[in-house]
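Naming convention: chains lettered A, B, ... in sequence-line order (proteins, then strands); numbering from 1 in each chain. Quick caveat: nothing in here was measured; it's all calculated off a predicted structure.
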Amino acid sequence: MSDHYEHQGKGRDVQKDMLAAWYKRLETATADGRKVAYLFVPGNIAELLRVFDIEVCYPEINALQCGIKRTSQSLIMTAEDMGYSSDVCGYVKNDIGLLSTGNKGPFGGLPKPDLLLCTYCGCTTFIKWFEQLAEYYDVPIVMLDVPYQRDGSIAPGDVAYLVGQLREIAGACEKLTGRRFDEARLAEILKLSAEAEDLWASILHSARRRPSPFDAYFEAVFFMAPIYALRGTQECVDYYRIAAAEIDERLRHNIGPVPDERFRLVMEGPPPWPAFRSFWELFKTWGAVSVASTYSKVGGFWDRGFRHDPDRPLESIAEYCLGCYTNQSLPMRSGLIRSYVDEYDADAVVIHSVKSCRSFSVGQADFREEFTRMRDIPTLLVESDLVDPRYFQHAQLKNRVDAFFEALEHRRLIGAPAAGAAAPHAAAPHAAAPHAAAPHPAAPGGTRA
Amino acid sequence: MKIREMARRCEAMVRDPELKTVAGWKAAHPGRRAIGYFPVYVPAEVIHAAGMLPVGVFGAGGAVEIDHADTRIQSFVCSVSRSTLELGLTGRLAALDGTIFGSICDVARNLSGIWQRNFPGVLSEYIHYPQNPDSAHAVPYYRGELQRLRDALSRLTGTPATDAALVASLEVYDHNRALVRELYAVRRDEPWRATWREAYHLARAGHVLPVEEHNALLEEALPLLRRRDAPKRDRVRVVIEGSFCEQPTADLLDTIEEAGCYVVEDDLLLGMRWFDRPVAPGDDPLLALARAFVDSPVTTSIRHDRRRKGAALLGRVAAAGAEGVIFSAAKFCEPALLDYPLMRVALDREGLPSLAFEFEEKLGTFESIRTQVETFVESILFFGSEAPAAGAADSPDGRGEGRR
């Protein structure tokens with residue numbers, strides 16, 4: 001099917017190969033004499049580590065890989081057998097299950113960390129998570145304490161607090177590697193970050209087009225992987241050129257993730273990784289496309305203009321950490337979602353509330369109250385989990401989603417205005433991008449309508 | 001009996017979801033303000049120095065039904081968060097002129113945001129406590145945070161608290177901490193002099209009373225307690241761990257103790273014991289308070305500490321001369337529940353018996369917990385500390401039996 005097109009499918013396939021190569025490097029890092037840092041995606045300071053050629057390893061990405069490859073349930077149950085409660089974060093339990101069963105995942109073997117860099121940004125459970133790892137691996141924690149945007153913006157003094165800590169962390173890296181902190185090299189790396197960020201931001205913005213060429217939630221999770229795993233490298237910049245070419249081709253040919261775009265959604269919350277495809281299908285079948293999502297911003301707000309800055313290296317890293325989505329106050333988060341609804345001309349907000357992550361989920365019910373009662377934005381809230389398949393009830397979710405779209409359709413029939421200040425729905429001729437539709441031959445998008 | 005009466009009065013005050021004590025104080029002090037705070041710790045001195053009454057808001061303790069909060073906060077969240085929101089939504093916190101939340105967990109953090117939207121126009125502050133004790137920048141950062149609080153409160157009064165007022169507040173709170181420490185010392189040395197329930201409520205009254213009144217109350221109670229005539233029973237000395245935020249109900253305190261324990265150390269009301277020595281104010285009382293916070297010896301699940309999980313707990317067990325540990329965590333409390341397995345491993349390594357259960361505000365029956373604690377106590381009494389842990393602690397995850 002992709003024969004007609006030169007670039008379709010590349011964004012997804014190339015990042016897959018890049019992640020596989022990255023995991024391969026991690027597997028042999030210790031044997032090759034390279035140091036490995038564990039850190040978190042939100043507020044990650046990969047650029048600083050790259051100055052010292054330290055490999056980055058993200059336990060969250062490892063956990064989501066186990067989720068999407070459906071090995072998470074047994075790992076979570078292993079951790080529960082060790083005494084971890086059924087009510088605590090599934091990512092943490094997945095990771096503890098993994099390390100206590102030999103640290104082999106669907107991606108290969110994981111190295112022992114040389115540095116447990118707790119980038120405490122937007123999630124308090126990160127601290128608890130690394131405190132566990134510190135004991136299991138017998139490696140001390142190096143902390144980066146990132147204050148919450150408690151007053152609706154970055155508080156005065158917070159950037160300086162982070163810069164001070166970043167210098168201390170650079171000192172810890174010097175000690176670990178025996179190498180000097182080379183600030184000129186940091187500036188070069190940050191320049192590469194900013195280049196990739198420009199390209200990624202343009203992809204995110206492409207969803208403003210109607211029909212959208214890109215699913216900013218279900219596809220974004222693949223397209224965004226390199227900006228977390230490999231940011232600050234030429235390889236990462238090259239990837240986003242490839243991805244941008246794919247999007248550009250879709251725009252030229254007027255193709256998108258569903259054959260006939262009927263609903264435009266803003267998505268809030270992480271996806272249910274073990275049921276990713278069937279969850280996506282619930283929306284595709286209604287011709288629904290995510291035009292903006294908050295999950296794709298957990299690691300940074302490039303669509304809102306943030307760039308790493310070679311001229312203000314540590315300051316811009318500090319602002320990056322402080323700015324991440326889950327480090328923003330709830331009024332900032334709900335304001336962002338509302339502005340996405342307007343800016344991306346969306347019909348509704350869908351909240352996927354996950355039990356594992358209270359950082360994301362506590363407050364989402366209040367968002368729904370606000371959006372539906374005060375702002376007249378149709379909002380669906382469904383609950384499951386991001387990694388524990390026991391919480392994904394397909395039939396129940398399908399009922400909720402179908403009922404929601406039926407109501408949206410009814411709303412359209414009786415002529416209620418769309419949530420975003422929308423022009424009347426334009427039924428532009430629009431075919432599915434081959435790559436987005438291809439994995440679901442049995443249930444092509446749009447048949448439901 | 002005087003002590004019993006005092007404790008009963010304290011209990012009535014702190015268990016009153018309508019905050020009548022606070023309303024009464026405000027009526028008696030026109031123009032003065034009351035500032036609520038969510039557990040675990042608050043720099044009460046800064047509130048006090050502003051001429052305001054700090055009020056601990058630790059949920060409803062099962063005293064109210066959750067009717068309104070459920071539309072704004074999901075069911076997989078601890079009851080102290082849900083019932084605190086319920087208290088707010090039903091107007092029971094009307095006596096408060098503001099509320100302060102802190103960075104103890106993601107639920108408390110996000111509750112502060114829910115608060116801002118649902119109670120616009122009322123002061124709502126969030127304090128990000130420093131979590132990098134190894135950084136040279138933690139103290140100056142936190143001093144800035146305390147200054148931010150001082151400024152925020154001054155927007156209510158028009159004038160910021162002076163350094164002199166802060167020095168005086170540090171002194172009166174230092175005295176309060178010394179008295180609370182003494183109360184805990186009574187429980188450690190002669191636990192039969194007061195029940196756990198009595199001692200707890202005598203201390204917790206400091207969450208609704210002005211600190212000066214609470215100091216006077218403890219000054220009166222402590223000598224009475226020391227010479228109170230009460231029978232010494234054959235009970236097992238235990239440490240309670242994991243109840244630092246959501247507080248067990250009064251009935252649960254009784255259940256644990258009556259099942260055969262003397263609770264000689266616990267982590268309830270930890271905020272009242274944050275410093276183990278007076279805070280020397282120096283030239284800059286805010287800086288002194290910031291330094292005292294960062295240097296505090298308190299180890300708890302809501303505060304990053306580079307020591308191993310079990311080390312501090314074993315230290316507390318030894319200092320209290322305890323024979324076992326009861327992990328009593330609020331259901332859904334991620335910080336406590338995530339720390340439990342490693343603490344358990346550390347205790348097992350030392351041959352110290354432990355028991356674990358979860359509680360919540362609306363825990364209807366205590367029979368299951370009573371049975372677990374009784375079995376646990378018997379195993380220690382009959383087999384000594386070297387015996388394997390009893391009851392639910394023998395089940396694969398040591399949990400679950402105490403749930404609804």
Side-chain angles (χ1 to χ4, degrees), chain A residues 79-89 92 96 118 120 122-125 127-129 131-132 134-136 140-145 147-148 150-151 155-158 160-162 164-165 168 326 329-334 353 355 357-366 368-370 383, chain B residues 70-77 81 103-114 116-118 125-128 130-138 140-141 144-145 148 301-302 304-306 308-309 329 331-335 337-342 344-345 356 358 396-400:
Chain A
E80 289 182 1
D81 285 346
M82 293 163 72
Y84 292 90
S85 163
S86 60
D87 294 323
V88 301
C89 172
V92 179
I96 288 168
C118 186
Y120 162 42
C123 167
T124 314
T125 301
I127 300 178
K128 306 317 295 175
W129 189 342
E131 285 174 350
Q132 309 293 312
E135 294 211 19
Y136 291 120
I141 289 175
V142 172
M143 179 67 78
L144 176 66
D145 178 23
Y148 191 55
R150 48 215 180 279
D151 268 352
D158 285 2
Y161 178 41
L162 258 77
Q165 293 181 80
E168 291 171 335
T326 48
S329 69
L330 291 194
M332 294 172 79
R333 282 174 56 185
S334 69
S353 188
K355 180 180 176 183
C357 184
R358 272 85 171 181
S359 170
F360 245 112
S361 58
V362 174
Q364 288 173 334
D366 198 54
R368 182 189 51 190
E369 279 287 302
E370 178 191 345
E383 282 181 13
Chain B
D70 280 344
T71 60
R72 287 159 177 86
I73 201 162
Q74 287 97 320
S75 56
F76 47 77
V77 171
S81 295
S103 56
I104 54 168
C105 70
D106 296 325
V107 175
R109 188 196 71 183
N110 289 10
L111 184 58
S112 79
I114 296 175
Q116 285 170 24
R117 189 184 79 80
N118 284 277
E125 284 295 319
Y126 178 81
I127 301 176
H128 181 95
Q131 285 281 23
N132 189 352
D134 297 328
S135 173
H137 306 280
Y141 157 77
E145 200 62 355
R148 208 175 55 80
S301 301
I302 49 110
H304 173 57
D305 187 313
R306 59 168 33 203
R308 285 174 172 265
K309 293 286 160 212
K331 185 160 174 62
F332 302 118
C333 175
E334 251 190 334
L337 294 172
L338 277 169
D339 273 356
Y340 161 71
L342 286 174
R344 166 85 197 277
V345 166
E358 292 172 22
D397 67 358
R399 292 186 176 272

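- There is no contact between A/V142 and chain B, counting heavy-atom distances below 4.5 Å.
- Inter-residue side-chain proximity for A/L330 and B/Q116 is flagged as unmet; no heavy-atom pair is nearer than 4.5 Å.
- In terms of heavy-atom pairs under 4.5 Å with chain B, the best-connected choice from A/C123, A/A155, A/S334, A/A160 is A/C123.
- The closest side-chain heavy-atom distance from B/P130 to A/Y161 is below 4.5 Å.
- For B/V77, the part lying near chain A is the side chain, with the backbone staying farther off; criterion is any non-hydrogen pair under 4.5 Å.
- Judged by distance alone, with hydrogens and angles left aside, the side-chain atoms of A/D87 form no donor-acceptor pair with the main-chain N or O of B/C333 at under 3.5 Å.
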Give the intermediate values and the outcome of side chain to side chain donor-acceptor pair (under 3.5 Å) for residues B/H128 and A/D145.
-> CA-CA 10 Å; B/H128 181 95; A/D145 178 23; 2.7 Å; yes
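- Within the 4.5 Å cutoff, the side chain of B/D134 has no heavy atoms near those of the A/I141 side chain.
- In this structure, the portion of A/P331 lying under 4.5 Å from any heavy atom of chain B is its side chain and not its backbone.
- With a 4.5 Å cut-off on non-hydrogen atoms, B/S301 touches chain A through its backbone and its side chain both.
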After noting the C-alpha distance and the side-chain angles of B/N118 and A/D366, does the key distance pass the side-chain contact (heavy atoms from CB on, under 4.5 Å) rule?
-> CA-CA 9 Å; B/N118 284 277; A/D366 198 54; 3.0 Å; yes
Decide yes or no on side-chain contact (heavy atoms from CB on, under 4.5 Å) for A/R150 and B/E145, but give the supporting numbers first.
-> CA-CA 11 Å; A/R150 48 215 180 279; B/E145 200 62 355; 2.6 Å; yes
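- Per-residue counts of heavy-atom pairs under 4.5 Å with chain A were compared for B/N132, B/I302, B/L111; the largest is that of B/N132.
- The pair B/K309-A/E131 meets the salt-bridge criterion, since a charged nitrogen lies less than 4.0 angstrom from a carboxylate oxygen.
- Proximity of a side-chain donor or acceptor of B/R148 to a complementary backbone N or O of A/P156 within less than 3.5 Å is not detected.
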Would you check, one step at a time, whether the test side chain to side chain donor-acceptor pair (under 3.5 Å) holds for B/Q74 with A/S353?
-> CA-CA 9 Å; B/Q74 287 97 320; A/S353 188; 2.7 Å; yes
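- Interface check for chain A: of the options B/A136, B/S103, B/S112, the most heavy-atom pairs under 4.5 Å are formed by B/A136.
- Within the 4.5 angstrom heavy-atom criterion, only side-chain atoms of B/R306, from C-beta onward, approach chain A.
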Tell me, with the steps shown, if A/Q165 and B/S135 meet side chain to side chain donor-acceptor pair (under 3.5 Å).
-> CA-CA 7 Å; A/Q165 293 181 80; B/S135 173; 4.9 Å; no
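- With a 4.5 Å cut-off on non-hydrogen atoms, B/Q131 touches chain A through its backbone and its side chain both.
- In terms of heavy atoms, A/S85 sits closest to B/E358 at OG-OE2, 3.8 Å.
- A donor-acceptor pair is defined here as one N or O able to donate and one able to accept, closer than 3.5 Å; such a pair exists between the side chain of B/E334 and the backbone of A/C89.
- For the pair B/Y126/A/D151, no side-chain contact is recorded, criterion being any heavy-atom separation below 4.5 Å from C-beta on.
- The residue among A/P147, A/G363, A/G164 with the most heavy atom pairs within less than 4.5 Å of chain B is A/P147.
- In this structure the side chain of A/E369 reaches within 4.5 angstrom of the side chain of B/T71, judged on heavy atoms.
- With a 4.5 angstrom heavy-atom cutoff, A/I127 touches chain B only via side-chain atoms.
- If you take CD on A/E383 and CZ on B/F76, they are separated by 5.0 Å, rounding to the nearest 0.5 Å.
- Of the listed residues (A/C118, A/S361, A/A134, A/P140), the greatest number of heavy-atom pairs within a distance under 4.5 Å of chain B belongs to A/S361.
- Using a 4.5 Å heavy-atom threshold, the side chains of B/D339 and A/K128 count as touching.
- For A/T124, the side-chain contact (heavy atoms from CB on, under 4.5 Å) partners two or more places apart in sequence, or in a different chain, are A/Y120, B/D106.
- Heavy atoms closer than 4.5 Å to chain A are found in the backbone of B/D305, but not in its side chain.
- Contact of A/E370 with chain B is made through backbone and side chain together, with heavy-atom distances under 4.5 Å.
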Start with the C-alpha distance between A/T125 and B/L338, add both sets of side-chain angles, then the distance that settles side-chain contact (heavy atoms from CB on, under 4.5 Å), and finish with yes or no.
-> CA-CA 9 Å; A/T125 301; B/L338 277 169; 3.8 Å; yes
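- Nearest heavy atoms, A/G122 versus B/R109: O-NH1, 3.0 Å.
- In this structure, A/V88 and B/Y340 have side chains that are not in contact, with every pair of non-hydrogen atoms separated by 4.5 Å or more.
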